[in-house]
Structures are given as C-alpha cells and as structure tokens.
Enquirer: 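Have a look at this one before I ask anything.
All chains are named by letter (A, B, ...) in the order of the sequence lines, taking the proteins before the strands, and each is independently numbered beginning at 1.
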Amino acid sequence: MKYDPQKLEPMWQVYWEKEGLFKSAEDASKEKYYLLEMFPYPSGKIHIGHVRNYTIGDVVARYMRMRGKNVLHPMGWDAFGMPAENAAIENNTHPAKWTFDNITAMKKQLKRMGFSYDWDRELATCDPKYYRWEQLVFLKMYEKGLAYRKKTHVNWCESCQSVLANEQVEDGCCWRHTDKEVIIKEMDSWFLKITDYADDILEFCEKLPGWPDRVLTMQKNWIGKSHGALIRFPLDGSDEVIETFTTRQDTVYGATFLCFAPEHPLVKKIIKGLPQEKEVTNFVERILKIESFVRTADFTTKEGVFTGRYCINPVTEERIPIFVANFVLIEYGTGAIMAVPTHDQRDFEFAKKYGLKLRVVIQNPDGNLEKETMEEAYVGQGALVNSGPFNGQQNLAALESIAEYLESKGMGHKTENFRIRDWGISRQRYWGAPIPIVYCKKCGTMPVPEKDLPVVLPLDLDMRPNGGSPLPFEPSFYKTTCPVCKGEARRETDTMDTFVESSWYFDRYTCPDYEEGPLDPNRVDYWMPVDQYIGGIEHAILHLLYSRFYTRVLRDLGYLKVTEPFTKLLTQGMVCKETQECKTHGLLYPFEVKDGLCVHCHTPIKTGNIVKMSKSKRNVVDPQGLIDQYGADTLRMFCLFASPPDKDLEWNDQGVEWSSRFLTRLWRLVTDHLEGLKGTDLYKEQGGLPESLKSLHRKTHQTIKKVTGDIENRFHFNTAIAAIMELVNEVNHFLNSEVKKDQTAWSVVREAVEAGVVLLFPIVPHITEELWRMLGHKKSLVETPWPEYSGAALEEQKKLVVLQVNGKLRSKIEVPAFYGDAEIEAQALADERIQHFTKGKPIRKVIVVQKKLVNIVV
RNA sequence: GCGAGAGUGGCGGAAUUGGCAGACGCGCUGGACUUAGGAUCCAGUGGGGUAACCUGUGGGGGUUCGAGUCCCCCCUCUCGCACCA
C-alpha cells in the first residue's frame, strides 16, 4: 500500500469536520485552554510564515486536547487595511470584494493544511457586526476622556492624500511618489490615552512569567518611565512660564540656556515682532519640513537658533538665552529642556557651537574639572559645586532634596515622565471602521448616540484613482444631522487604526455571535485570558502593547474581568531565504531561476543575503505548490523540525524532501509489518523481558517522556521529532535483527510503534490517523489520550559513568544503579585507563557527581 | 548613537540546572540490492595524526575540580528605535 497524502489528507479533514471534533463549548467541569495564533491579514494566499505559525499552534492545540483540556482554537481575519484599497485601485475592484475573495481562498488553504480550528467562531473585523462594538467602546472611552482629539504634526503626501509613516518617507519624498515632497501638516487626530495605563502596564511586565524576557524588555523600554522633575523657567519680561522636564535636577544650577522643540506652541508667541522672528520661523520650517525625518537618524548635527528672548533660571536667578533646537522633541517631556552644557554631551556640543556659557556644578573625584579646559561633558558623579545651599552634597543624593527645594519655592516639583505617547488612531483611509463622531457647527464635537450604531462603512463607493479615502467626498456618508440640535452636521470621515480591531478580537472569539454587547460575560469570563498566544516577533511592541492597554480599558468599562490578555506568549522567528538577482531583470522569484540562470535571459544570477521572506524581495516560496507535491503533513513536519520556533528558519527546498522521506519510512514501518503488529496486543508491564526487548520497551517510554517535556515545557518540536526518529530507527533495527519475533516481542514492538504514531499525531495528524486505523483502532486520535510513561520501564540496572582526569574525558565505566558515591569512586580509581593517566602523580581531589561523572584531580 | 538578541562540523541544528561537545536530520564516502539510481538498506563521517594522543563551540582574558553554558574586554552579524533630557 502506497503512502498517498493527496488522497488520505483531504479524507481525514472531511472526517474531522463531519465529526465536529474541533468544536469548543464552555464546560465548567473541564479545564479550559485557550490557544491563539495571531490572525492573518487576508492578503490572498497563505505564505510560509503563516504555515509555520499555524503549524506550531496546531501542534499545541491537538496536544492539549489529548491532555484532556477543553481547547478553544479559533481563526479569523484582520480584514481592514490599506492593501485592500491599493489592490482595489489596481484591479478596479472593491476592497470588500477583494477582501472576501481572499478570505475564501485562504480559508481553503488553511483547511487543506489540516489545522484544527473551530470555524464556527470565525470572524472578520470588516464586518459591521464586529466593528459596531468597537465603535461602542470608542464612545465609552470618549465619555471617560480616554479618547480625545488634538492637533499633531504629520507627514502628508498630496498625491496620496494621506498621512505617511516615517518609514514611508524616503529622502523627504513619498515612497510611492518619489518626485513628491512630503509636507508637514498640522492635523486634528483622535487619540487613545494609553499613557493613563502606562504605569500599570509597566508594573505587570513583572507579572508575566510566560512571556519572553526579550519582549518584556522591549516593552519596558518602549514605555520608558523616568523619574525627574518639572522645572518652571519664567519668561523674561512676561508673565509666561516655560515648563521643562529633566531627570537631572541636580544640575539645575548649571542650566545656562534653554531649548524649545521646533513645534513648541510658545515659540511662535515669544518671537512675535522681534528681529529674530524671520530667522526663527525659517529655521522651524526647515527643521519641520526637510529634517523632521532625519532628526532621528544615526548622525545628526545639533543645531539651533537664538529666539531673541531670555528666561530666568529659577535657582540662580540668572537671565539665560532661549533657543530652538533640532534635537529637542515635542513628544517627549514638555517639549522644552533646560540645557546644562557641562554635564550633558548634546548640550555641550550645542554650547560650543554657539559660544554659550558653561558652569561646572558637579566636580569630579579628582577635583580638576574646569569649564575652560573641558573637552566633553562630565556625566559622572561627584560633589555639587556652584549650587548654592547644595554645595558639597553628592549629586545623586541631592536629586531628592533639590526637587523638594524647587517645590517649596513653587519653581517646580518632582514628577515622572513616560516615553510612550498616546495612541493616535485616526487614519485618512476608506477601508477601516468609521469613528462614530459628528461635528456640529453649533454644538461642536458630538458622539453618535449608541442607538444609531453601527456607523456603517458604505460599500457602494468607487475608490479614488490616486488613492486616498472617498469618504470626505461622499455627501451621502458625511452629511448628517446633529444628534442634539438636529441641525446640519458633518460626520467624521477618518477611520480607526486597524490595531484597534486586533486589540480585542481574541475576546470576541469567545462569543462571536453575541448581540447584546461587545462581549457575553459568561463566555468571555470562562475562556479569557488566552493561555497561549503565538505569533511573529515583529509584533513584540505595538500590537501586544495595544492589546494589553485595550484589555484594561474593557476591564474598567466592566466588559471583562481579566487585566492581562495573554498568559503565555511564544514569539516565532522569521522564515528567511536567500535573494536571487539578475543583472537585467532585477530580483527574481524562485521560479524565474533554473540551474542558476535567469529564465528570461539565461545569464547567471547573483545570490544575495538570507533575509526575511517578502514579496518585495521576491524570495518567497508558495506553500501551495509544496502541499500539492508533498502534502500537508510533510510541510508541517519540515517547519517544525528545521529549527526551534523562536529562532529564524532558513528555508531550503531539500528539507521538504527529507521530511517526506521520514514519513514514508514511518508508513512502511506499519504497513510492512501489519500482520505481526495486528496479531498481538500492547505489551503489558511485567517482569522478565530479555535485555533486547527491555531496551526497546525502555526506549519507548524514554521517548514518551522526552516528547512530552519538549512540547509541554519549551515548544522544542525539533528535538521532539528527533526523539521519535530515534525510536523509529530502533524499532527498525530490532525488526531487522536476528532476535526471534515471538508474541512478546511483537507486543513490545507494537507498544513502540503505537507510541510513535500517537506522539506524532499533533505534528502530522493525517498520516498518523490513517496508521492508527490500520492498527485496528476505531476512535480518532483526536479523542485518544496522550500517553503516560512508566517509571518502572525507565529504570536501568546499570549506569554509565564518565571518568575524567583534570577535567578531561579519559574513560567510561558501567556501574550497578544501586552503587553509592564511594563505590563509584573506588571503581573509577581502579579503572585501567585512569591508572594510566594518574600513574606517579598524587591524587589531590576526587569529585563524584551523582551517578554521572567522576573527576580526578592530580 | 541607544536598546535587545545571536555567533557550535560542509549544512540545519542538539547539549533543558556549570558535568561525555556535535543528538537527530541533510550532505558526503564506502558497501549491498538493482538493467539503472537522484529509490531502498547497511556502515563510516569535527580537524590533525599510522598510532598513542593532540586539538576543537567568533577572538582574548578570568572564575571553577570542570565552561558552548557564568564574569570582563574585543570582533562580526541580525532585529528594534522616538537624539529619551
């Protein structure tokens, strides 16, 4: 009988679906296990990254079912987003049609991979039944002040009629319109107040032991809490006061000038009518327009311009100049800094460039720091000098007292500052969830009444040929009436960032059909939190942080009881492959290369670096071709065996070949010996096995132990598979050996084979189901419990002990398992090879490691 | 510049807690079977050496009876970034 995955795999997929084996229902009597993989954007076809992500998840889901858990394993679609708009313009279709066609195609592919999803819970975020609840939550957040509107500066491309992210700006121009200079536009945008929860999110980083340290560190750094002081500098000749934030209030006596960020609202105000007005305005415009993207680049010269105004250093009462500087960021702190050139390198460089005053306020331990001879800022510790009442104190010790002093004099106060900024959610896009707000000329910004939700995104619109949202040009959408005065009003035409949808889809999976509100309390409380979340490392910050924020918001609105959405997190590495390039035809897809030559011009291609698979690099492999050729099981097996999930996976086509070969070997192991295997029952534990059988029996149980630990504790499927390969090899060896195959022998073989099949089921479910049937079982492996290993079977009568002399391996001995350290030591010293290496040298010390190793030091 | 990771045979990787470096697989070499082999099976395979043995986890130091693993310095690569005051 030949192994034919194309016939066998769809058959089992139909069987699982018909039997409803992956359906999940709330059951208080069973322990729940919510396993989630990050849902895909419906781009059209699944890619290898999806295959890897969802295979990892599927193994865990199937494993947990076999462990008796009530498993929820849902799948859905992150269906709003820009690619749909672009594709719609290119192909003259509608984003909705494009999206739903893609969903249909990708769903078929996922089913062909045999993933064990409960498709009854499928959701698409572009469905009004989904986003209506998001709109409701937005209104609740607006009510609580958690959603608010403010002006921001954004990169704007006139051609796209859209805001660009920094990474979409290349050399000051739009990435898609390289002749179009990007302008800085001031714009009203909606924000969610993630900063209100920053402290809590930060604190809980310590309470997520199931998350990779790496991700938590990144999140902590992103939130970036720092302790410092807010210090007020009165503007000379005015009532105005400039607020600055510093973490170094110990250096306040050394602040000899002050710098504004170019965007700071006070700048325009204080330069009005001064001779410097024009120069400053030009500088601000230049920095904003041309340099706003490179201000964050690796290497930027610090530069600025004098405003013509002065302020008063509140502690020295000195009049100090005010500058606008490119290195000060409006988003951080207060957008203005006190500059201490002697103790901050950037300030030092700036002061040197513009000939500004320096004052040393921290003396170094050598006591030889002088402003005249300094060549760089002194950022170390030391005693305060030139600091009035604080002279002589150690600078770090004075942080607290200076803050208190400032507060007592009304010049400032101790405070905390966060790096993280509020979450801007306004997008000038069509294919997104409308923000449920109307603007009334009389009443102002008005929330859409709850009873009028959802604000449905109209589907009968044509896309604008140059891109940009059609909504602001569609009166049937934006024309509306004020919910209060019934007068003329205009609807908000911005839509929400798609990260909003992905911040709570995991909650909605628990009750996708619920119509009374966003979440059914009974069901969401049963399933949440997600026990295991699996997805790409690229989401380490934004998506995961937003989800943690949104979960807290939903909790405080009373929709949820949990604080953290994901108990455990597995971040998988990227799938990488080398790029291939032809001199004339540029980057090539793998199918455009044959025998190292470009198929278009038959010239040799250049092989590039191994980088993340992406369409833009053309180094992609279409999984569909591999499924058609080898079947889903082979592909699943390769993704898992090639490397542990958290590491990058380097793709090679041969790998699929060898995993196919292993499955064929497994197939033949059962089919070639079916008669012997079916003629006996499983081996029942009893004494008196001959050593050859005993070691196979032991190997079976060692494998069960190893595979269970690898899956359960660390998701190392590659070593789990290696262990099963060893077991299969050992069975083959045994069957090829001279040992007589009596009834007992076959029962031990059957035990080994069945263990191999069951252990492999989560990894390659189709072939194992088939083999399981062949072995005479009636029930699906889905309903078969995970095997337990027997401690008795693992017991060995002899232990191998490694003998070292001075830490170098010199010999190995076998000792009875019951030997104690003293007996092992005696036998080690008596070993011939050990005597050879220790001959004539006094033994200084002997270290015995419990039944493992003896090290003799001479 | 800042932050986070990584570096082990010809290759992917293993070594879970400081205790046999290289499991498992690929590739390669030899053999068997075969009309044939890019199928299958068996054996071998870090490097050097006939051997005893020596040597070996990016480089250099250190801790330790013992280091791929811990500490310090350096090199290279990858990822993230908002000059973080």
Side-chain angles (χ1 to χ4, degrees), chain A residues 166-167 212-218 220-222 224-226 228 244-249 251 259 294-300 302 325-334 336-340 343-347 349 417-421 537-538 540-542 573-574 576 609-612 638 641-644 646-652 654-655 657-659 661-662 664-665 668 706 709-710 713-714 716 718-726 728-729 732-733 736 800-812 836 844-850 852-858:
Chain A
N166 282 349
E167 64 162 23
D213 287 339
R214 189 177 159 203
V215 174
L216 292 173
T217 306
M218 284 199 254
K220 281 186 238 172
N221 290 345
W222 187 267
K225 182 176 181 174
S226 56
T244 65
F245 172 75
T246 181
T247 55
R248 294 297 306 275
Q249 63 268 25
T251 64
C259 290
V294 264
R295 276 165 71 190
T296 60
D298 287 6
F299 185 80
T300 310
K302 279 121 203 91
N326 66 339
F327 65 90
V328 181
L329 300 178
I330 187 71
E331 303 92 353
Y332 190 76
T334 60
I337 61 158
M338 66 171 200
V340 185
H343 303 292
D344 180 287
Q345 187 57 25
R346 280 164 314 177
D347 298 350
E349 285 170 34
N417 191 60
F418 291 93
R419 235 174 72 102
I420 192 173
R421 310 195 290 248
I537 184 73
E538 68 269 24
I541 296 183
L542 291 180
M574 299 176 293
C576 302
N609 288 348
I610 295 161
V611 292
K612 180 183 172 175
F638 171 69
F641 187 59
S643 87
D646 53 340
K647 283 204 187 165
D648 290 351
L649 188 158
E650 193 183 316
W651 185 263
N652 76 39
Q654 286 170 345
E657 185 73 46
W658 54 247
S659 63
R661 223 182 288 170
F662 172 73
T664 309
R665 276 198 324 133
R668 295 202 14 222
K706 168 83 180 150
D710 280 349
N713 305 329
R714 46 177 215 163
H716 277 208
N718 54 336
T719 51
I721 292 169
I724 299 169
M725 283 177 172
E726 282 185 52
V728 169
N729 290 344
N732 269 321
H733 274 119
N736 293 333
L800 189 71
V801 175
V802 172
L803 305 185
Q804 297 178 332
V805 177
N806 287 348
K808 285 190 179 171
L809 175 69
R810 294 304 183 189
S811 185
K812 292 174 187 183
H836 171 251
R844 302 227 311 258
K845 201 171 172 186
V846 178
I847 289 136
V848 182
V849 180
Q850 260 282 300
K852 223 182 199 175
L853 177 143
V854 179
N855 189 15
I856 297 148
V857 187
V858 294

Enquirer: Send over the distance from A:Lys706 NZ to B:A23 P, rounded to a whole Å.
Expert: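 For the pair A:Lys706 NZ and B:A23 P, the rounded distance is 14 Å.
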Enquirer: Give none if B:C79 has no partner; otherwise give the nucleotide forming a Watson-Crick or G-U wobble pair with it, both distances under 3.5 Å.
Expert: B:G3
Enquirer: From the list B:C53, B:C42, B:A23, which nucleotide is the closest neighbour of the side chain of A:Ala722?
Expert: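 Selected nucleotide: B:A23.
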Enquirer: What is the distance, to the nearest angstrom, from the CZ atom on A:Arg661 to the C1' atom on B:C41?
Expert: 13 Å
Enquirer: Among the candidates B:C26, B:A15, B:G13, find the nucleotide nearest to the side-chain atoms of A:His716.
Expert: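 Looking only at heavy atoms from C-beta outward on A:His716, the closest nucleotide is B:A15.
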Enquirer: With heavy atoms under 4.0 Å as the rule, sort A:Lys225 into base, sugar-phosphate or nothing.
Expert: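 Nothing: the residue A:Lys225, judged by heavy atoms under 4.0 Å, touches no strand.
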Enquirer: Nearest heavy-atom pair of A:Ala723 and A:Lys706: which atoms, and what distance?
Expert: CB-CG, 3.6 Å
Enquirer: Report yes if a side-chain nitrogen or oxygen of A:Lys647 is closer than 4.0 Å to either non-bridging phosphate oxygen (OP1 or OP2) of B:C79; otherwise report no.
Expert: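 For B:C79, OP1/OP2 do not have a side-chain N/O of A:Lys647 under 4.0 Å.
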Enquirer: I want to check one thing: is the phosphate of B:G3, taken as OP1 and OP2, less than 4.0 Å away from some side-chain N or O of A:Arg419?
Expert: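 No.
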Enquirer: From CG of A:Asn732 over to P of B:A43, roughly how many Å is that when rounded to an integer?
Expert: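 My rounded result for the distance is 11 Å.
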Enquirer: For B:C74 and B:G7, measure between their C1' atoms and round to the nearest Å.
Expert: 14 Å
Enquirer: If we take the C1' atom in both B:U69 and B:U50, what is their distance in whole Å?
Expert: 37 Å
Enquirer: Identify the two heavy atoms, one from A:Ser659 and one from A:Phe638, that lie closest to each other, and give their separation to 0.1 Å.
Expert: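 For A:Ser659 versus A:Phe638, the nearest heavy atoms are OG-CB, 3.7 Å.
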Enquirer: Could you identify the nucleotide paired to B:U45, looking across every strand shown and requiring Watson-Crick or G-U wobble geometry with both distances under 3.5 Å?
Expert: B:G27
Enquirer: What's the separation between atom CZ in A:Arg714 and atom CG in A:Asp646, rounded to the nearest 0.5 Å?
Expert: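 The CZ atom of A:Arg714 sits 10.5 Å away from the CG atom of A:Asp646.
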Enquirer: What's the CG-P distance between A:Asn806 and B:C54, to the nearest Å?
Expert: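 Between P of B:C54 and CG of A:Asn806: 12 Å.
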Enquirer: Does B:A85 have OP1 or OP2 sitting under 4.0 Å from an N or O in the side chain of A:Asn417?
Expert: no
Enquirer: Whether the side chain of A:Asn806 engages the backbone of A:Val858 through a donor-acceptor N/O pair (distance < 3.5 Å, no angle test) should be reported.
Expert: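 Side chain of A:Asn806 to backbone of A:Val858: a pair is present.
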Enquirer: Determine the Euclidean distance between corresponding P atoms of B:G46 and B:U57; express it in Å to zero decimal places.
Expert: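 Result for the P pair: 16 Å, nearest Å.
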Enquirer: Of the options B:A85, B:G12, B:A23, whose atoms approach the side-chain atoms of A:Ala642 most closely?
Expert: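 Of the options given, the side chain of A:Ala642 lies nearest B:G12.
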Enquirer: From C-beta outward on A:Arg665, which listed nucleotide comes closest to its side chain: B:A85, B:C41, B:U16?
Expert: B:C41
Enquirer: Between B:A85, B:C53, B:C20, spot the one nearest the side chain of A:His836, thanks.
Expert: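 So the side chain of A:His836 is nearest to B:C53.
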Enquirer: Could you work out the separation of B:C77 and B:G59 based on their C1' atoms and round it to a whole Å?
Expert: 15 Å
Enquirer: Hey, does A:Val857 reach any base, or is it just sugar-phosphate, or nothing, if we go heavy atoms under 4.0 Å?
Expert: sugar-phosphate
Enquirer: Round to the nearest Å and state the distance from A:Asn221 atom CG to B:C79 atom P.
Expert: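 Distance, rounded to whole Å: 19 Å.
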Enquirer: Over all strands shown, is A:Met725 touching base, sugar-phosphate only, or nothing at heavy-atom distances under 4.0 angstrom?
Expert: sugar-phosphate
Enquirer: For A:Arg214, answer base if it contacts any base atom (sugar-phosphate contacts may also be present), sugar-phosphate if it contacts only those atoms, and nothing otherwise; contact means non-hydrogen atoms under 4.0 Å.
Expert: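 The answer is sugar-phosphate, as A:Arg214 gets under 4.0 Å only of primed atoms, P, OP1 or OP2.
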Enquirer: Within the pair A:Lys845 and B:C65, is there a side-chain N or O less than 4.0 Å away from OP1 or OP2?
Expert: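 For B:C65, OP1 or OP2 has a side-chain N or O of A:Lys845 closer than 4.0 Å.
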Enquirer: Which is it for B:G9, anti or syn, if anything within 90° of zero counts as syn?
Expert: syn
Enquirer: Between A:Asn855 (side chain only) and A:Gly807 (backbone N and O only), is there a donor and an acceptor less than 3.5 Å apart?
Expert: yes
Enquirer: Rounded to whole angstrom units, what separation is found between the CG atom of A:Asn855 and the C1' atom of B:G66?
Expert: 6 Å
Enquirer: With side chain to side chain contact (heavy atoms under 4.5 Å, CB included) as the criterion, how do A:Ile337 and A:Asp344 come out once you've worked through the C-alpha distance, each side chain's angles and the decisive distance to 0.1 Å?
Expert: CA-CA 12 Å; A:Ile337 61 158; A:Asp344 180 287; over 6 Å; no
Enquirer: I'd like to know if the side chain of A:Asn736 reaches the main chain of A:Asn732, judged simply by a donor and an acceptor atom lying under 3.5 Å from each other, with no hydrogens or angles considered.
Expert: yes
Enquirer: Kindly point out which of B:A85, B:G13, B:C20 is positioned nearest to the side chain of A:Pro644?
Expert: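 Looking only at heavy atoms from C-beta outward on A:Pro644, the closest nucleotide is B:G13.
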Enquirer: Taking any heavy-atom pair under 4.0 Å as a contact, classify A:Arg421: base, sugar-phosphate, or nothing.
Expert: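 Counting heavy atoms under 4.0 Å across all strands, the contact made by A:Arg421 includes a base.
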Enquirer: NA contact type, A:Leu542, heavy-atom cut-off 4.0 Å: base, sugar-phosphate, or nothing?
Expert: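 The residue A:Leu542 makes no contact with any strand.
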Enquirer: I want to confirm an ordering. Mapping A:Lys808 and A:Thr719 to their closest nucleotides on RNA chain B, which one lands closer to the 5' end?
Expert: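 With A:Lys808 and A:Thr719 compared, the 5'-side residue is A:Thr719.
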Enquirer: Give me the distance, rounded to whole Å, that separates B:A15 from B:G62 when you measure between the C1' atoms they each carry.
Expert: 24 Å
Enquirer: Once you apply the 3.5 Å cut-off to both distances, tell me the Watson-Crick or G-U wobble partner of B:G22, or none.
Expert: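 Checking every strand shown, B:G22 finds no partner, since no pair has both distances under 3.5 Å.
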Enquirer: Measure CZ/A:Phe662 against C1'/B:A39 and give the value in whole Å, please.
Expert: 18 Å
Enquirer: Identify the two heavy atoms, one from A:Tyr332 and one from A:Ser226, that lie closest to each other, and give their separation to 0.1 Å.
Expert: OH-OG, 3.2 Å
Enquirer: Which part of the nucleic acid, if any, lies within reach of A:Phe641 when heavy atoms closer than 4.0 Å are counted: base, sugar-phosphate only, or nothing?
Expert: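 Base, at least one base heavy atom under 4.0 Å.
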Enquirer: Which nucleotide, B:C24, B:C20, B:G12, lies nearest any side-chain atom of A:Glu726?
Expert: B:C24
Enquirer: Under a 3.5 Å limit for both distances, which nucleotide forms a Watson-Crick or G-U wobble pair with B:U40, could you say?
Expert: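 Partner of B:U40: B:A32.
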Enquirer: Taking 4.0 Å as the cut-off, does a side-chain nitrogen or oxygen of A:Arg714 come that near to OP1 or OP2 on B:A15?
Expert: yes
Enquirer: Looking only at the side chain of A:Leu329 (C-beta and beyond, no hydrogens), which of the listed nucleotides B:C83, B:G13, B:U40 gets closest?
Expert: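 Among the listed nucleotides, the one closest to the side chain of A:Leu329 is B:C83.
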Enquirer: Between A:Ile420 and A:Leu809, name the one whose nearest nucleotide on RNA chain B is closer to the 5' end.
Expert: A:Leu809
Enquirer: Under 4.0 angstrom, heavy atoms only, what part of the nucleic acid is A:Gln804 near: base, sugar-phosphate, or nothing?
Expert: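 A:Gln804: base contact, heavy atoms under 4.0 Å.
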Enquirer: Does a nitrogen or oxygen in the side chain of A:Arg810 sit under 4.0 Å from OP1 or OP2 of B:C54?
Expert: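 Checking B:C54 against A:Arg810, a side-chain N or O does come within under 4.0 Å of OP1 or OP2.
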Enquirer: What distance, rounded to whole Å, do you find between the two C1' atoms, one in B:C71 and one in B:U63?
Expert: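 Looking at atom C1' only, B:C71 and B:U63 are 7 Å apart.
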Enquirer: Measure across A:Asn221 and A:Arg419 and return the closest heavy-atom pair with its distance rounded to 0.1 Å.
Expert: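 The answer is O-NE, 2.8 Å.
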Enquirer: Taking the same atom, C1', in B:G49 and in B:C42, what whole-Å distance lies between them?
Expert: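 Roughly 29 Å separates the two C1' atoms.
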Enquirer: With both distances kept under 3.5 Å, what pairs with B:A52, Watson-Crick or G-U wobble?
Expert: none
Enquirer: Side chain of A:Ile847 only, please: which of B:G19, B:A85, B:C20 is the nearest?
Expert: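 Within the option list, the nearest is B:G19.
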Enquirer: Pairing donors with acceptors under 3.5 angstrom, does anything connect the side chains of A:Asn729 and A:Arg665?
Expert: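 A:Asn729 vs A:Arg665: donor-acceptor pair found between side chains.
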Enquirer: Could you measure between the two P atoms, the one in B:G3 and the one in B:C72, and give it in whole Å?
Expert: 15 Å
Enquirer: In whole angstroms, how far is the C1' atom of B:C26 from the CG atom of A:Asn729?
Expert: 14 Å
